Protein chains: 2
Amino acid sequence: MPRISVVDRRAELISAALRVVAAEGVAAATTRAIVAEAGMSLASFHYAFASRDAMMRELIEFVVEHETIAAFPSIDPGSDARSAFRSSLRGYLDGVRADPGREAVMFELMQYALRTPELAALPDEQYSRYRAAVTELLEGAAAALEVRWALPVDDVARMVVTITDGLTLAWLADRDDAAADRVIEFAADSLAALALPVTPPSPSTVPAPLSPPLKETAT
Amino acid sequence: MPRISVVDRRAELISAALRVVAAEGVAAATTRAIVAEAGMSLASFHYAFASRDAMMRELIEFVVEHETIAAFPSIDPGSDARSAFRSSLRGYLDGVRADPGREAVMFELMQYALRTPELAALPDEQYSRYRAAVTELLEGAAAALEVRWALPVDDVARMVVTITDGLTLAWLADRDDAAADRVIEFAADSLAALALPVTPPSPSTVPAPLSPPLKETAT
DNA sequence: GTCTATAAAGTGATAGAC
DNA sequence: GTCTATCACTTTATAGAC
């Protein structure tokens, strides 16, 4: 009835589809289920989208663009790298626990895209964006904690994503909070080993090296 | 025609279903696609299985039971823990590269099971078996490398599975071999830190402690 | 633009001949 | 036991009234 615009209708359908996928999975996200969730008629779906495939494509692009990794809380300055990683990973896992469907959507849509030839390139971009989001956090953390990364920061971000993915999958499978905490302890130790202290306010105690100390990664 | 037994027919259908899922995904594994792959008629499917759901259940149970993690090569004694982990992880990733569909099946079937109420408990078991397989390798490695694990061996196995899962997902998404190698380097460093040296043939140099040295994890 | 009604194709499952 | 033929249902997509 309300005669809304096509772009608004598309946005509503994408949003509804996301809710259906989160709640019941990609397989359950039929056009009928989506329009029911959105409260509109089946014909409106095909007025807004040429086909279900086209809508799935936009859904995945939307998710890749807007829904990055579940909120990592920001770094608490004054702490060391180990406890910063620990609290960040705990915060991340809390986010997964609070809405398991939301994170499962990422994996499901990634698999759907990998199985769909025209969408097969999107997971690559999805992971690039994950890493970019984590990279931003890592650079902020390096400044706040007065450390520098022993590897290129994008590589450190890749390690973080590797661990969060593995952590998430295992938790989705067994919901073992205590075991996940032990993994986080290990991960925090391992990642903190990549944070090298940089003593900033006393450049006189040690003569400045003429060659860069290691691989330099700061931006 | 050949009037084969029900158990054989079930096995053939499971095998055919596995191939279809590996090649085209769970969504494409319709009863018709499976019987076409198996070279039999549609009615034979329902003679062997009460329903497609029942068949999917057996398929997942079969995978959970038989297809554990892609072959980790065995540990080379004489090397240190770091290079042992590195070569094992490389061997694992080689297995994924050689047959990406095979490993993707694990993730897809896990998600399918999580979305299916009657099968929702199977992923937990799947991960238990993963860890059990890795645990066996870790115990062999500890003996061959003359180390002991700083944590309960099942926890170490969980760390390994966390990393292999994360590694596999990222590689499936971007197929970036070089980046995967860098993750493996990091993972080998991190995991090797859990291998504590135990000096075996000189029990006289240090008086035997009356209390266990730390948490003991050997079986 | 939005709806109802329906077409066209695919799905799991079964009947019944052999 | 195994098959062909078919049912009952769901799916995406479209036609056509308003």
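If you're wondering where the values come from, they're calculated on a predicted model, not measured in any experiment. Here is the naming used below: chain letters follow the sequence lines, and residue numbers restart at 1 for every chain.
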Which atom pair, heavy atoms only, marks the closest approach of B:A188 to B:L89? N-CD1, 4.3 Å
Measure CG/A:D8 against P/C:dT2 and give the value in whole Å, please. 10 Å
Value in whole Å for how far the C1' atom of C:dA5 lies from CG of A:L42: 11 Å
Of all the nucleotides listed (C:dG1, C:dG12, D:dA13), which has the minimum atom distance to the side chain of B:T31? C:dG12
Give me the ring orientation class for B:H66 and B:F62: parallel if the planes are under 30° apart, tilted from 30 to 60°, perpendicular past 60°. parallel
Nearest-nucleotide wise, let me know which of A:S51 and B:S41 is further upstream toward the 5' end of DNA chain D. B:S41
A:F49 CZ to D:dA13 P, straight-line distance once rounded to whole Å: 12 Å
B:Y47 OH - C:dG16 P separation (whole Å): 18 Å
Whether B:E108 side chain and B:V26 backbone form a donor-acceptor pair below 3.5 Å: yes
Take atom CE of B:M56 and atom P of C:dA13, then tell me their distance rounded to the nearest Å. 12 Å
Choose from D:dT6, D:dA15, D:dC3 the nucleotide whose nearest atom is closest to any side-chain atom of B:R32. D:dT6
Check whether B:R131 reaches the backbone of B:M159 with its side chain - one donor and one acceptor, N or O, closer than 3.5 Å. no
So does A:H46 get a side-chain nitrogen or oxygen closer than 4.0 Å to the phosphate oxygens (OP1/OP2) of D:dT14? no
Please check the phosphate of D:dT2 (OP1 and OP2 only) for any side-chain N or O of B:R3 closer than 4.0 Å. no
Without decimals, in angstroms, what is the distance between B:M55 CE and C:dT11 C1'? 15 Å
B:R10 CZ to D:dG1 P, in whole Å, measures 13 Å
Send over the distance from A:R9 CZ to C:dC3 C1', rounded to a whole Å. 10 Å
For A:E118, is the CD atom crowded, meaning more than 12 foreign heavy atoms sit under 6.0 Å from it? yes
Comparing A:A29 with A:A43, nearest DNA chain D nucleotide closer to 5' gives the residue A:A29
A:S44 side chain N/O closer than 4.0 Å to the phosphate oxygens (OP1, OP2) of C:dC3? yes
